[in-house]
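These notes are about the structure you will find just below.
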Amino acid sequence: MKVLVPVKRVIDYNVKVRVKGDGTGVETANVKMSMNPFDEIGIEEALRIREAGAADEVIAVSIGVKQCQETIRTALAMGADRGVLVETDDNAEPLAVAKILKAVIEKEGPEVVILGKQAIDDDSNQTGQMLSALLGWSQATFASKIELGDGTANITREVDGGLETIKVKLPVVVTTDLRLNEPRYASLPNIMKAKKKPIDVMTPADLGVDMTPRLETLTVVEPPKREGGGKVESVQELVEKLRTEAKVI
Ligand code: AMP
């Protein structure tokens with residue numbers, strides 16, 4: 001059984017994101033890029049499934065510019081067996097990503113696909129849902145526990161107010177929540193080994209996917225700057241300020 005994990009290259013979560021001067025997007029030149037944190041959780045879960053003997057191969061797939069190879073190498077260094085890079089300089093919107101993943105999945109034939117619940121750059125939270133709809137597969141989003149059975153899986157989901165466990169038929173598209181696991185660090189020997197693992201490179205056109213954008217970004221702005229605080233002399237003054245300036249009471 002194969003497990004396929006899409007891994008997105010995003011601005012590292014420690015970087016303070018800056019909006020471009022012309023408001024068309026965010027600055028990515030000379031900015032540290034990393035694997036989307038929810039996708040690290042996806043790779044970790046796939047490795048645990050393989051280590052438990054329920055899968056024999058973990059495939060990491062990334063869609064985007066040439067440098068996405070580095071993101072795939074990180075997945076290989078964590079322990080994934082091989083990678084697929086679908087190389088494009090075009091902006092890959094969730095629907096285009098889902099179509100590309102569908103084509104890769106039809107070639108590879110995995111039983112379980114584990115995506116992140118969202119990419120921390122666009123916060124779309126759409127790709128997993130679109131992919132399961134395109135494939136006509138079961139869907140289990142925001143997973144915090146995955147138990148594979150014979151042709152089925154019990155998946156615990158983080159929902160408002162608690163946890164919900166559902167039973168789904170395989171094949172399934174799962175999206176990871178933060179509490180599913182704690183991803184491992186790649187060890188130095190594994191980083192060296194990862195350099196020899198294979199990465200297949202193809203383009204959206206090879207997979208018959210049209211990348212024409214359907215979304216138009218009108219403008220991107222920075223959040224308003226926080227204003228400095230002030231001191232009040234009395235509770236009465238505080239209440240007055242809350243009423244007149246903050247208008248919260
Ligand atoms: P989103 O729907 O954009 O919030 O992304 C959800 C998940 O879809 C991510 O955590 C990834 O697992 C996957 N994904 C989205 N875009 C890409 C991409 N360009 N390459 C690989 N995986 C992606």
Side-chain angles (χ1 to χ4, degrees), residues 3-13 17 25-26 28 33-47 49 58-76 78 80 82-105 107-108 110 112-135 137 139-144 146 157-158 172-181 183 199-204 206-207 209-211 213-215 217 220:
V3 182
L4 187 137
V5 184
V7 292
K8 187 174 188 187
R9 179 177 184 263
V10 296
I11 295 182
D12 187 271
Y13 68 95
V17 175
V26 298
T28 51
M33 307 293 283
S34 299
M35 188 191 301
N36 183 43
F38 290 104
D39 303 347
E40 287 183 4
I41 296 173
I43 291 287
E44 176 64 37
E45 196 62 22
L47 297 176
I49 291 171
V58 174
I59 307 165
V61 183
S62 196
I63 298 141
V65 292
K66 199 183 212 71
Q67 293 86 334
C68 293
Q69 291 243 9
E70 294 157 19
T71 314
I72 296 174
R73 288 276 168 224
T74 306
L76 299 177
M78 285 173 73
R82 62 189 174 86
V84 176
L85 169 63
V86 183
E87 197 178 319
T88 174
D89 290 333
D90 292 332
N91 178 31
E93 295 173 356
L95 182 59
V97 172
K99 287 180 181 170
I100 289 172
L101 290 174
K102 175 176 185 269
V104 174
I105 287 162
K107 280 169 76 151
E108 296 287 353
V112 177
V113 176
I114 310 178
L115 300 91
K117 74 167 176 183
Q118 73 196 65
I120 60 166
D121 54 358
D122 60 20
D123 275 347
S124 292
N125 176 8
Q126 292 176 353
T127 312
Q129 293 88 331
M130 287 177 168
L131 177 62
S132 86
L134 291 175
L135 288 165
W137 286 16
Q139 175 188 133
T141 49
F142 316 131
S144 62
I146 302 176
R157 308 181 54 236
E158 301 214 354
V172 63
V173 172
V174 182
T175 72
T176 62
D177 215 319
L178 208 55
R179 279 157 290 270
L180 181 59
N181 61 49
I199 300 180
D200 279 348
V201 183
M202 55 196 80
T203 64
D206 294 337
L207 299 167
V209 176
D210 173 15
M211 299 292 287
R214 289 161 177 250
L215 304 172
T217 302
V220 178

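Just follow the structure's listing: the first ligand is 1, and inside any ligand the first atom is 1. Side chains are part of it too, since the values below use all heavy atoms of this structure and drop only hydrogens, waters and symmetry mates.
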Going by distance only, is there an N or O of [X] that falls short of 3.5 Å from an N or O of ligand 1?
X	answer
Val97	no
Gly116	yes
Lys117	no
Leu115	no
Asp123	no
Ala119	yes

Closest protein heavy atom (residue, atom, distance) for [atom]:
atom	result
atom 16 (N) of ligand 1	Lys8 CD, 3.4 Å
atom 22 (N) of ligand 1	Pro6 CB, 3.4 Å
atom 1 (P) of ligand 1	Thr127 OG1, 3.4 Å
atom 21 (C) of ligand 1	Val7 O, 3.3 Å

Close side-chain approach of [X] and [Y], heavy atoms under 4.5 Å:
X	Y	value
Phe142	Asn125	yes
Lys99	Asp210	no
Asp121	Ile11	no

Check each atom of ligand 1 against the heavy atoms of [X] and keep those under 4.0 Å away; list them by number with element.
X	value
Asp122	1 (P), 3 (O), 4 (O)
Asn125	1 (P), 2 (O), 4 (O)
Gln126	2 (O)
Val61	21 (C)
Asn36	9 (C), 10 (O)
Ser124	1 (P), 2 (O), 3 (O), 4 (O)

(request) Could you establish whether Leu131 and ligand 1 come within less than 4.0 Å of each other, counting only heavy atoms on the residue side? (result)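 The answer is no, since Leu131 has no heavy atom less than 4.0 Å from ligand 1.
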Determine whether the side chain, the backbone, both or neither of [X] has a heavy atom under 4.0 Å from any heavy atom of ligand 1.
X	result
Thr175	neither
Leu101	neither
Asp39	side chain
Ile63	both

(message) Taking side chain to side chain contact (heavy atoms under 4.5 Å, CB included) as the criterion, tell me which of Val84, Ile59, Ile199 meets it with Ile72.
(response)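 It is Ile199; the other options fail the test.
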(message) My understanding is that only one of Thr141, Val174, Leu101 makes a side chain to side chain contact (heavy atoms under 4.5 Å, CB included) with Leu115; could you say which?
(response)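 Exactly one option meets the side chain to side chain contact (heavy atoms under 4.5 Å, CB included) with Leu115, and it is Leu101.
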Short question: side chain of [X], backbone of [Y] - any donor-acceptor pair under 3.5 Å?
X	Y	value
Glu158	Asp177	no
Ser62	Val7	yes
Asn36	Gln118	yes

(request) Could you pull out all residues at least two apart from Val65 that satisfy side chain to side chain contact (heavy atoms under 4.5 Å, CB included)? (result)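 Applying side chain to side chain contact (heavy atoms under 4.5 Å, CB included) to Val65 gives Arg9, Gln67, Cys68, Asp89.
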(message) Going by side chain to side chain contact (heavy atoms under 4.5 Å, CB included), name the residues that satisfy it together with Ala96, two or more places apart in sequence or in a different chain.
(response)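 Result, side chain to side chain contact (heavy atoms under 4.5 Å, CB included) vs Ala96: Met211.
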(message) Consider side-chain hydrogen bond (donor to acceptor under 3.5 Å, both in side chains). Of Thr74, Asp39, Thr71, Asp12, which one does Ser34 pass it with?
(response)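 Exactly one candidate clears the test, Asp12.
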